Protein chains: 4
Amino acid sequence: MDPIGATTWVVPGGRIPFPSHGEEPEFTSFDQVCVLNTGDHPAQVELTVYYTDQDPVGPYPFRVPERRIRHVRLNDLVDPEAIRLARPYGLLLTSSVPVVVQFQRQDTRLPGALALTDVIAHPVG
Amino acid sequence: MDPIGATTWVVPGGRIPFPSHGEEPEFTSFDQVCVLNTGDHPAQVELTVYYTDQDPVGPYPFRVPERRIRHVRLNDLVDPEAIRLARPYGLLLTSSVPVVVQFQRQDTRLPGALALTDVIAHPVG
Amino acid sequence: MDPIGATTWVVPGGRIPFPSHGEEPEFTSFDQVCVLNTGDHPAQVELTVYYTDQDPVGPYPFRVPERRIRHVRLNDLVDPEAIRLARPYGLLLTSSVPVVVQFQRQDTRLPGALALTDVIAHPVG
Amino acid sequence: MDPIGATTWVVPGGRIPFPSHGEEPEFTSFDQVCVLNTGDHPAQVELTVYYTDQDPVGPYPFRVPERRIRHVRLNDLVDPEAIRLARPYGLLLTSSVPVVVQFQRQDTRLPGALALTDVIAHPVG
């Protein structure tokens, strides 16, 4: 099947909530990118993280095999460096083949409450 | 009226929340696709479900009559196989005629809390 | 200023939550369309409501003056007929001039909980 | 790197929630625009605020340096005038260079509850 989507995606509104309440990892606060690769070739994906007050950090590389998804929690990225919790950031995602990208947040900062958000990232080219 | 929308739609960020709390089916945790067919001909819709670690599963066929909507809970799909709860997945939706597709989640994993998310799926062609 | 946006917008995933908990009207459960008309001429807007099991109902007309917004709760529409609470529906919005449309839900079905969702409607033409 | 995105963005559904519960500023209710400027030149951004019943107010200017993000709480804008809490409004954002814009709400009106929403703003030109 032909690959579907775009090779560049943007999310301006990142901020991993901190702290978390409830059982880990199910109720850990997180930001997450979800990537779907419908094509017949693996996608080499790279994230660049933009900040308010310093130069961008990256690339954070990962791979999405052909005809597969990957849901990647931003909390789990450590190389080249971890994204500090509760710090505003933005994301640029580039892929070697067209993919579709969604961005999700789970927020358990408040005990007994649960907030989720969901956007399709902004596609470019 | 002319049909409105696109014939291919993508949602990378699926995961049916589990467990649920509260009265069924009103407060059952779910993922849902909402399809609107404004045209004068029925839409033959097919879902394909993509996973992290196995080949895609599908098609899951359903029909949206002319000038009608359908809201389909992913929890309710059983043929060719049920989507396992709490398992990450992505969706490809194709339709015989243009439609518009929205994706929603209701999450009642945490007793006394309620979280909802909503995106318009990513349209292609 | 030139009008910005599109003249047709679609929302497949409507369902006014029921019941509500908390003080009215601040915490009443609702579905809402938000329309922004940046142009120099008033927008004549019409909603058509699509259902699962009957013909579409409408038009529900309203007006958004030049350089103004309007936030319209679907709960408040009564002519040609009220939208039944907790009933799935979809929306087609057409406007005499380009506008931009957002769709929001406030859900207070669960006492002590609050859920909100937000999408930009799907633009057409 | 080339700048990515659009120079005009629209959000019809603004309304800063009021009141707030919980520790400030972490749990203060807010509406927020998040802007990512991937390009090599600073972005001069201007917001115009549209209302139901009066002429638009603005511009509210701010700057997003090259290769930087800015997350701006609408609550914090005071010049030319503060946006009244709990008052419906819409936003037009224009930028001197292409940027990408997301709109977020945090709602703590209900003690012990937390609601978040998230949309990519509607891009134009």
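Everything numeric in this text was worked out from a predicted model, so none of it was measured. Just so we're on the same page: letters track the sequence lines, and every chain starts at 1.
Contact count versus chain C (heavy atoms, under 4.5 Å) is highest, among V33(B), T38(B), V99(B), V35(B), for T38(B). If you tally non-hydrogen atom pairs under 4.5 Å between each of T52(C), D53(C), V11(C), D107(C) and chain B, the highest count goes to T52(C). Note: G14(C) leads A121(C), P123(C), G14(C) in heavy-atom pairs under 4.5 Å with chain B.
Interface remark: D55(C) contributes backbone and side-chain atoms alike to the contact with chain B (heavy atom separation under 4.5 Å). For V100(B), the parts lying near chain C are the backbone and the side chain together; criterion is any non-hydrogen pair under 4.5 Å.
Closest approach of P12(C) and Q102(B) over heavy atoms only: CD-OE1, 3.0 Å. The minimum heavy-atom distance linking V124(C) with I4(B) is given by the pair CG2-CG2, 3.4 Å. Listed here is the closest heavy atom pair of L91(C) and L36(B): O-CD2, 3.8 Å.
With a 4.5 Å cut-off on side-chain heavy atoms, E23(B) and R109(C) do not count as touching.
Within residues 61-88 of chain B, the residues having any heavy atom closer than 4.5 Å to a heavy atom of chain C are R67(B), R68(B), I69(B), H71(B), listed by residue number. Within residues 110-117 of chain C, the residues having any heavy atom under 4.5 Å from a heavy atom of chain B are, by residue number, L110(C), A113(C), L114(C), A115(C), L116(C), T117(C). Annotation: residues 40-51 of chain C contacts chain B through Y50(C), Y51(C) [non-hydrogen atoms, separation under 4.5 Å].
Applying the side chain to side chain donor-acceptor pair (under 3.5 Å) test to pairs two or more places apart or on separate chains, those with a residue in residues 4-16 of chain C are E26(B)-R15(C).
Within a 6.0 Å radius of CD in Q54(C), more than 12 heavy atoms belonging to other residues, nucleotides or ligands are found.
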